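Working notes for the structure below.
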There are 2 protein chains.
Amino acid sequence: MATGSRTVRPRSSVWLSERKAPKRKGDQQPVGLDHVKIVAATMRLLDAEGLSGFSMRRLAAELGVTAMSVYWYVETKDHLLELALDAAMGEIALPAEAVGPVESQEHSPAEPRDWREQLRQLAAEYRQVMVRHSWLPALLGEYLNIGPNAVGFSNAALAVMRNSGLPDDKITSALSLVYQFVYGFGTIEGRFAARCRAAGLTQDELFHETMSSVADRMEFDESRKIMKARGGNTVEEMRDRDFTFALDLAIAGIEALRDR
Amino acid sequence: MATGSRTVRPRSSVWLSERKAPKRKGDQQPVGLDHVKIVAATMRLLDAEGLSGFSMRRLAAELGVTAMSVYWYVETKDHLLELALDAAMGEIALPAEAVGPVESQEHSPAEPRDWREQLRQLAAEYRQVMVRHSWLPALLGEYLNIGPNAVGFSNAALAVMRNSGLPDDKITSALSLVYQFVYGFGTIEGRFAARCRAAGLTQDELFHETMSSVADRMEFDESRKIMKARGGNTVEEMRDRDFTFALDLAIAGIEALRDR
DNA sequence: ACCTGAACACCGTTCAAGT
DNA sequence: ACCTGAACACCGTTCAAGT
């Protein structure tokens, strides 16, 4: 996370300071740049080069513009990364039942889906976005994460968990178990996927390469044994099974402790 | 994680390359620097300034030495951070029952502690080290994490989970649920603790300040309601309860699905 | 209103040189 | 064997200036 400012950092968030220059009053003709284009280019660059490959200067080059032009639209690099973060969170599809104000939920279909199904869907979406954008976990760990899309996601997660029947004072805890798990899982999975992309290897190839690089170390004997027991044909398959069953465990725990 | 090398990175780990210069053959008198001193200073700097405040040049200054001296002992900044990472992992106290080779476990006390108690201890230790060293989560997400202490921790975690009675092919999944949860939890808790230290505020002070900065945003209404329901007098108390109950949920899930 | 250029105070790391 | 100094190719950001 060496991405922040170098000093003690006053640490304001984009979402806590008024936006810069989105007010193009009158009808001047818009020129090359704007917020949308900048954030899109930022995400493209982050996807391609990772967080450490991203710089304001690289971004400016990508946009065919001088290094400082971007600063007209964005206060700092940190603010820009927060915008990218929230844009990525916006890619998460929310279950229809869990979105919008309460009144609209009165009109929801007579057969609302099971909370467990909704939770699994939301967790899968969250996981996927972190694998697709492997820079996301680092930013999620770095910033306040109170952009509109992040808040929408949190509220959806909360709404779903409410349907579990868990008492109100246990909801934050259960949310924490599920989504911190997915966050951690997505972090390592995303990193692995990024390393594969960078090395031009499939997940299986990189996995076996990594395994063989520690083949002679007996401290790994226990891990190897248990990884073998886990079975599965491909790395992806093993990971999917781990993910699915871990969620099953969490759900089973919630159901078990729901009524004491 | 803008901490890596700028290019595509060949990405060798310290643990996969022979060490630099720890072989001071003969009995030359040792001079100022050595691995231990360097890693200790690194951790001190990281604790004080965070990952973004750490640089090879700041470290050298701290050691009263020129910028390039450190490179005699350490190949790159990344390698040094991997060493700091593993040193931090070494602060985790492992349950006596879960450490060492199998034979020594035959001699373990007649009354080995419950696996749930051991799991709770290990999780608490892991959480604590991330709060103490708030730079740790970022590094854990960045590097391979196959240093001796990290492997020792993994093996201990595995040994404990084995005692749960879960079938072998479900162990990785359960480990993932528990420790990825703790990782995610520790990440945000560590960041919050670091921000408090930087701002010179208590956790409660910063918490209420953050809350009031979004007081007028109704998107947060639901979160506020549920945070209120959670109760607790201090932020630390709420967090401890969340953590403890989340682990209870995980454990209950494991027990529920243990025998199908 | 929008963009540029030069400059400042930093980075990690290489490399030739000192002792 | 260990440490230095100068240099290279980068950073984020400020600030005065252009159109």
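Keep in mind that what you see is a predicted model, and the values were worked out from it rather than measured. We name chains A, B, ... by the order of the sequence lines, and we start the count at 1 in each one.
Contact check, A:Trp72 against C:dC3: no side-chain N or O comes under 4.0 Å of OP1 or OP2.
Atom CD1 of A:Ile38 is separated from atom C1' of C:dC2 by 11 Å (rounded to the nearest Å). Taking atom CE of A:Met56 as the reference point, atom P of D:dG12 lies 7 Å away to the nearest angstrom. Across the protein-nucleic acid pair, B:Tyr71 atom OH and C:dT14 atom P stand 7 Å apart, rounded to whole Å. Summarising the geometry, the separation between CG on A:Leu51 and C1' on D:dC11 is reported as 14 Å, rounded to the nearest angstrom. One can place NZ of A:Lys77 at 8 Å from P of D:dT13, the figure rounded to the nearest angstrom. One interatomic measurement links the two molecules: CD of B:Glu75 to P of C:dG12, which rounds to 16 Å at whole-angstrom precision. With rounding to whole Å, A:Phe54 atom CZ is found 17 Å from D:dC10 atom P.
Without hydrogens or angle criteria, A:Thr234 side chain to A:Glu237 main chain gives a donor-acceptor distance under 3.5 Å. The closest donor-acceptor contact from the side chain of B:Arg191 to the backbone of A:Glu142 lies under 3.5 Å.
Using a 30° and 60° split on the angle between ring planes, B:Tyr73 and B:His35 fall in the perpendicular class, above 60°.
The side chain of A:Tyr73 approaches C:dC2 more closely than any other nucleotide in the set C:dG12, C:dC2, D:dT13.
Side-chain contact, A:Ser13 with A:Glu82: a donor N or O sits under 3.5 Å from an acceptor N or O.
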Which atom pairs link the protein and nucleotides 4-7 of chain C when you take only N or O atoms and keep those under 3.5 Å?
| unit_1 | atom_1 | unit_2 | atom_2 | d |
| --- | --- | --- | --- | --- |
| C:dT4 | OP2 | A:Thr66 | N | 2.8 |
| C:dT4 | OP2 | A:Ser69 | OG | 2.3 |

